[in-house]
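Heads up: the structure comes next, in structure tokens.
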Amino acid sequence: MRAFYFDNIPGDQRLLHDSGNPVSDDILKSIGLLHWHIPTNQQNQIDTVAKERNYKNRDTITITKQGLGDLYEAKLKSFFEEHMHEDEEIRYILEGSGFFDVREHPTDSWIRCQLDAGDLLVLPAGIYHRFTLDENNMIKALRLFKDEPKWTPINRGDLTDVNPYRVDYLKSIAVN
């Protein structure tokens, strides 16, 4: 995984948007983001991480224009809306590639995380983020869950700033 500050230049969200300013692992850790690279031919290591982090369920999602048909553009747009979850978001990339953008706190800058096959990303509950495919327009990912599989986005707004999971997230990264 490669991380860098998003350039904020208007245009296709699937473009690289690399500002030229890389983001260090220390900065990623400071906002609660975890990542590993586990080659896809060593997926048994995913079971180790899942056990250590108490992930009990999993499923696979494939996002392609062919697979989503007429819903493709609407789905990409919804994934790219800034939102948070009340659970960790865990993705292991099996094939393809894409971007997770996360908000750095307290600057509110976008950090773009470029993910390829073998990358495992854990976003903490309460972090503002968004997702998009890259120009390859295809990703297949293993989704891991602590409880029953669910994916409930809560779009950023006045109520999310006081959401208990957001408040707990800010406390966990020592931001008042």
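Contact detail for L28 and M1: the closest heavy-atom pair is CD1-CE, 3.5 Å. When every heavy atom of P124 is checked against every heavy atom of G32, the shortest pair comes out as CD-O, 3.4 Å. The two residues H105 and I173 make their nearest non-hydrogen contact at CB-CD1, 4.0 Å. Heavy-atom minimum distance, Q42 versus I38: O-CG2, 3.4 Å. The two residues I111 and A3 come nearest to each other via the heavy atoms CG2-CB, 4.2 Å. Considering all non-hydrogen atoms of both residues, L33 and C113 come closest at CD1-SG, 4.0 Å.
Pairs engaging residues 18-29 under the salt bridge (Lys or Arg N to Asp or Glu O under 4.0 Å) rule: R2-D18 [sequence neighbours left out]. Applying the side-chain hydrogen bond (donor to acceptor under 3.5 Å, both in side chains) rule to pairs touching residues 128-144 yields Q13-T132, R14-N137, D59-R143, Y72-N137, H83-H129, H85-H129, E89-H129, S97-D134, S97-N136, D101-R130, Y128-T160, Y128-D161, sequence neighbours excluded.
Note that CD1 of I93 is 8.0 Å distant from CG of L121, once rounded to the nearest 0.5 Å. Going from atom CD1 of I46 over to atom CD1 of I90 covers 11.0 Å, rounded to the nearest 0.5 Å. Taking CZ from F4 and OG from S19, the interatomic distance works out to 7.5 Å, rounded to the nearest 0.5 Å. The distance from the CZ atom of F100 to the CG atom of D119 is 11.5 Å, given to the nearest 0.5 Å. To the nearest 0.5 angstrom, F80 atom CZ is 10.5 Å from F131 atom CZ. Interatomic distance, CE of M84 versus CD of E86, reported as 5.0 Å (0.5 Å rounding).
Linking ILVMFWY side-chain heavy atoms closer than 4.5 Å, directly or via other members, places F6 and L15 in two distinct hydrophobic clusters. Follow the hydrophobic side-chain contacts under 4.5 Å out from L142 and you reach L34 in the same cluster. In the hydrophobic clustering of ILVMFWY residues, with side-chain heavy atoms under 4.5 Å counting as a link, L123 and Y55 come out apart. Following chains of ILVMFWY side-chain contacts shorter than 4.5 Å, one cannot reach V122 starting from I31, and the two form parts of different hydrophobic clusters. Residues F145 and I154 are members of separate hydrophobic clusters, defined by side-chain heavy-atom contacts under 4.5 angstrom among Ile, Leu, Val, Met, Phe, Trp and Tyr.
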I would like to know whether Y169 and R166 meet side-chain contact (heavy atoms from CB on, under 4.5 Å); could you show each step before the answer?
CA-CA 5 Å; Y169 165 70; R166 175 71 180 166; 3.5 Å; yes
Check the pair D7, W110 against side-chain contact (heavy atoms from CB on, under 4.5 Å), reporting the backbone distance first and the verdict last.
CA-CA 8 Å; D7 66 12; W110 280 117; over 6 Å; no
Between R156 and R103, is a side-chain contact (heavy atoms from CB on, under 4.5 Å) present by the stated rule, with each step listed?
CA-CA 11 Å; R156 186 173 184 175; R103 284 287 189 190; 3.6 Å; yes
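Around CZ of F79, the count of heavy atoms belonging to other residues, nucleotides or ligands within 6.0 Å exceeds 12. Other residues, nucleotides and ligands place more than 12 heavy atoms under 6.0 Å from the CG atom of D12.
Applying side chain to side chain contact (heavy atoms under 4.5 Å, CB included) to M138 and the options E95, K65, Q66 leaves one that passes, E95.
Residues satisfying the side chain to side chain donor-acceptor pair (under 3.5 Å) criterion with N21, sequence neighbours excluded, are absent altogether.
In this structure, Q43 contributes its side chain and T40 its backbone to a donor-acceptor pair below 3.5 Å. In terms of modelled atom types and a separation under 3.5 Å, the side chain of Y92 and the main chain of H37 share no donor-acceptor contact. When atom types are taken as modelled, the side chain of N57 and the backbone of D147 share a donor-acceptor pair closer than 3.5 angstrom.
A salt bridge links R53 to E88: one of the charged nitrogens lies within less than 4.0 Å of a carboxylate oxygen.
Cation-pi geometry between R112 and F99 is satisfied (NZ or CZ under 6.0 Å from the ring centre, within 45° of the ring normal).
A donor-acceptor contact under 3.5 angstrom links the side chains of E104 and Y5, judged on distance only. Looking only at atom types and distance, the side chain of E82 has no donor-acceptor partner in the side chain of N155 under 3.5 Å away. Looking only at atom types and distance, the side chain of Q45 has no donor-acceptor partner in the side chain of T48 under 3.5 Å away.
Taking 4.5 Å as the limit, some side-chain heavy atom of L144 sits within range of a side-chain heavy atom of L120.
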